[in-house]
Amino acid sequence: MTAPTPLIAGNWKMNGLAASLDEARATAAGIGQSRARVAICPPATLIRPMRGALAGSAVLVGAQDCHPQASGAFTGDLSAEMLAEAGARLVILGHSERRAGYGETDALVAAKVHAALRGGLEPIVCVGETLDQRKAGDALGVVTGQVRGSLPPELAGRAWSVAYEPVWAIGTGLTPTTAQIEEMHRAIRATLREMFGGDGDMPPILYGGSVKPANAAEILHAAEVGGALVGGASLKAADFLGIINAL
Ligand code: PGA
């Protein structure tokens with residue numbers, strides 16, 4: 001079995017105006033011979049200009065969410081087809097900030113995964129436990145339950161990834177130990193094999209939550225870690241490059 005190609009994706013969240021495209025350009029210019037695929041997921045308003053700014057580079061552009069439907073009376077929402085037309089190649093789905101802030105359930109995330117595949121976007125599906133759930137000893141059960149509920153069978157044979165992001169590690173500067181990351185990633189891999197058979201070996205399992213240049217090498221080289229989903233540290237090219245070039 002060959003290991004999946006790693007993916008390092010930046011999640012800009014609700015950050016970035018046109019001037020921020022310089023950071024994306026500097027990221028693209030500074031990548032050496034990375035083994036990883038690299039993506040930046042800016043706010044939707046920057047997808048098209050970022051595609052222009054990164055033309056000719058290997059850095060992919062992604063979105064941060066999509067609606068399950070292709071079109072309709074859904075004020076304020078964007079469909080996978082719209083995001084793909086704007087230039088997105090990937091889409092983050094089920095981020096904990098959407099699960100917590102907008103009540104997104106596993107079933108809704110699975111419907112969005114379906115929409116992403118329909119629209120030609122590669123899903124990055126996020127899962128992760130809260131601190132209370134970890135303290136209660138429920139982390140493995142919660143996360144493998146999210147994996148089972150959020151990943152529809154039609155992912156088999158398609159390009160996609162899972163991002164394990166402990167909620168308590170996002171934006172806090174806290175990270176799990178390497179042993180905790182490896183334990184969770186192995187449990188996710190075992191669940192993917194149960195669900196998808198041999199295809200369960202294909203998607204990279206990213207780690208996300210306070211990944212920084214200083215901890216990137218250790219995290220990225222941990223067992224079953226196939227890349228990173230990076231929030232705050234993806235906003236500045238120097239930091240993001242320090243993570244990308246740690247692999
Ligand atoms: P962080 O965010 O790197 O700022 O912790 C990660 C994420 O939310 O994807």
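Counting convention: from 1, in listed order, for ligands and their atoms alike.
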Tell me, please: is Ala169 in heavy-atom contact with ligand 1, that is, under 4.0 Å? yes
Can you find an N or O of Thr172 that's nearer than 3.5 Å to an N or O of ligand 1? no
I want to know whether Trp160 and Phe196 have ring centres closer than 6.0 Å. yes
Would you please classify the geometry between the Tyr164 ring and the His185 ring as parallel, tilted or perpendicular, with 30° and 60° separating the classes? perpendicular
Considering both backbone and side-chain atoms of Gly209, is one of its nitrogen or oxygen atoms within less than 3.5 Å of a nitrogen or oxygen in ligand 1? no
What atoms of ligand 1 come within less than 4.0 Å of a heavy atom belonging to Leu229? 9 (O)
Should you measure from each heavy atom of Asn11, which atoms of ligand 1 turn up under 4.0 Å away? 9 (O)
In ligand 1, which numbered atoms sit nearer than 4.0 Å to a non-hydrogen atom of Ser210? 1 (P), 3 (O), 5 (O)
Atoms of ligand 1 under 4.0 Å from any heavy atom of His95, numbered from 1 in the order shown, are 7 (C), 8 (O), 9 (O)
Among all the protein's non-hydrogen atoms, which is closest to atom 4 (O) of ligand 1, and how far away is it? Gly232 N, 2.9 Å
Identified side-chain contact (heavy atoms from CB on, under 4.5 Å) counterpart of Val109 within the set Cys126, Ser150, Pro152: Ser150
Cut-off 3.5 Å, side chains only: do Trp168 and Glu129 have a donor facing an acceptor? yes
Between ligand 1 and Lys13, can you find any atom pair, the residue atom being a heavy atom, that is separated by under 4.0 Å? yes
So, applying salt bridge (charged side-chain N to carboxylate O under 4.0 Å, His left out) with Arg189, which one of Glu182, Glu183, Glu224 is it? Glu224
The side-chain contact (heavy atoms from CB on, under 4.5 Å) partner of His95 among Asp65, Val127, Asn11 is Asn11
Identity and distance of the protein heavy atom lying nearest atom 3 (O) of ligand 1: Gly231 N, 2.8 Å
Look at the side-chain heavy atoms of Ile, Leu, Val, Met, Phe, Trp and Tyr, link any pair under 4.5 Å apart, and say whether Val91 and Ile40 land in one connected group. yes
Tell me the protein heavy atom at minimum distance from atom 9 (O) of ligand 1, and give that distance in Å. Glu165 OE2, 2.6 Å
Just to check, does Ala233 reach to within less than 4.0 Å of ligand 1 when the distance is taken from its heavy atoms? no
Please determine which of Ile205, Asp199, Thr144 meets the side-chain contact (heavy atoms from CB on, under 4.5 Å) test together with Leu192. Ile205
